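Report on the structure given below.
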Amino acid sequence: MSKDKILEIHRIISKNYKDLNWWPVDSKYHKKNQTDPRFEIIVGAILTQNTAWSNVEKALVNLKEKNKLDIKNIAKSDEKELREMIKPSGFFNQKADRLKTISNHFLERYGGNLDNFFKRNLKEIREELLSLNGIGPETADSILLYAGEKPVFVVDAYTKRLCQRIPIKVELDYDNIQKHFQEELSKQYIGKELVQTYNEFHAQIVLLAKEYCKKKPNCNDCPISKNCNELF
DNA sequence: GTCCAGGGCCGTT
DNA sequence: AACGGCCATGGA
């Protein structure tokens, strides 16, 4: 077996999971209300922290009903009301704080214009996101990749579990896993294609992990079982 | 009733 | 630096 299996695994699961409409946003809503669809992704990235997406969707519906999928409107909204709206997504007290924090940040530093934020240097804006209370590495990178279309690979609990079972030969902490994926994938892709590959591959890993590489794994029929040392 | 979900923070070792 | 407890809802 080759010393790293990332590219091979990517090749295989790309066949199984195609044309993923990952991180869908409500374009109609944003068109009608003249809001920035990237902010919906940012809100979703915070709301989905350790939370099922189905619960996040309920919160997003509530936010849309009151036109809160907007930086200024969250920044000036009543926090109690905000908590109520995002309640279905769980951890609603801290998440309301986090939405406030990031909205205030974008409003104060960038006049609420995300172009002004995203056009800056990648390392700088990643550090800036990480400096905000409630924005850790996965949330920051989800924002950078899915909202900012930056070449950043998102590592989540699914990715870690997969790496542990395959296994890959790097320490299983966030930075090392990310570095490994980025080194391997950037051998094959550059520029916009690389961004698109990071985007889809993360989504593909989530689907694979939900279907097969679950906590209680389903190795039967798993498309990458031959590339994996784990056998259940 | 139990387990789990597209994490992150904080306090204790 | 590493680890455990905590945050909370809703679906399986």
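No experiment lies behind these values; they were computed from the predicted model shown. Just so we're on the same page: letters track the sequence lines, and every chain starts at 1.
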For this session: Just call it for K58(A): base, sugar-phosphate, or nothing, with non-hydrogen atoms closer than 4.0 Å on any strand.
Result: sugar-phosphate
For this session: Mind calculating the distance between NZ (K87(A)) and C1' (dT9(C)) to the nearest angstrom?
Result: 10 Å
Exercise. Checking all strands, does G90(A) fall into the base, sugar-phosphate, or nothing category for heavy-atom contacts under 4.0 angstrom?
Worked result: base
For this session: Answer with base, sugar-phosphate or nothing: what part of the nucleic acid does T139(A) contact at a heavy-atom distance below 4.0 Å?
Result: sugar-phosphate
Exercise. At under 4.0 Å between heavy atoms, what does F91(A) touch on the DNA or RNA strands: base, sugar-phosphate, or nothing?
Worked result: base
For this session: Mind checking E138(A) for me? I need base, sugar-phosphate or nothing, with any heavy atom below 4.0 Å counting as a touch.
Result: sugar-phosphate
Exercise. Between dA8(C) and N93(A), is there an OP1 or OP2 to side-chain N/O distance shorter than 4.0 Å?
Worked result: yes
Problem set entry | R38(A) and D36(A) ion-paired at < 4.0 Å | yes
Problem set entry | Any T51(A) side-chain N or O less than 4.0 Å from OP1/OP2 of dG10(C) | no
For this session: For dT9(C), take OP1 and OP2 only and decide whether either is under 4.0 Å from a side-chain N or O of R83(A).
Result: no
Problem set entry | Atom CD of E79(A) with >12 non-hydrogen neighbours under 6.0 angstrom | yes
Problem set entry | Nearest-angstrom distance from the residue atom CD of E57(A) to P of dA5(B) | 17 Å
Problem set entry | Distance between P atoms of dA8(C) and dC10(B) (Å, rounded) | 14 Å
Seminar exercise, completed: In whole angstroms, the gap separating C1' of dC3(C) from CG of D173(A) amounts to 15 Å
For this session: Could you check F39(A) against F106(A) for ring pair (Phe, Tyr, Trp, His ring centres under 6.0 Å), going step by step and ending with a plain yes or no?
Result: CA-CA 10 Å; F39(A) 188 63; F106(A) 286 140; 7.1 Å; no
Exercise. Looking at K160(A), does any N or O in its side chain come under 4.0 Å of the phosphate oxygens OP1/OP2 on dG7(B)?
Worked result: no
For this session: For residues A59(A) and L47(A), report the shortest heavy-atom separation together with the two atoms involved.
Result: CB-CD1, 3.9 Å
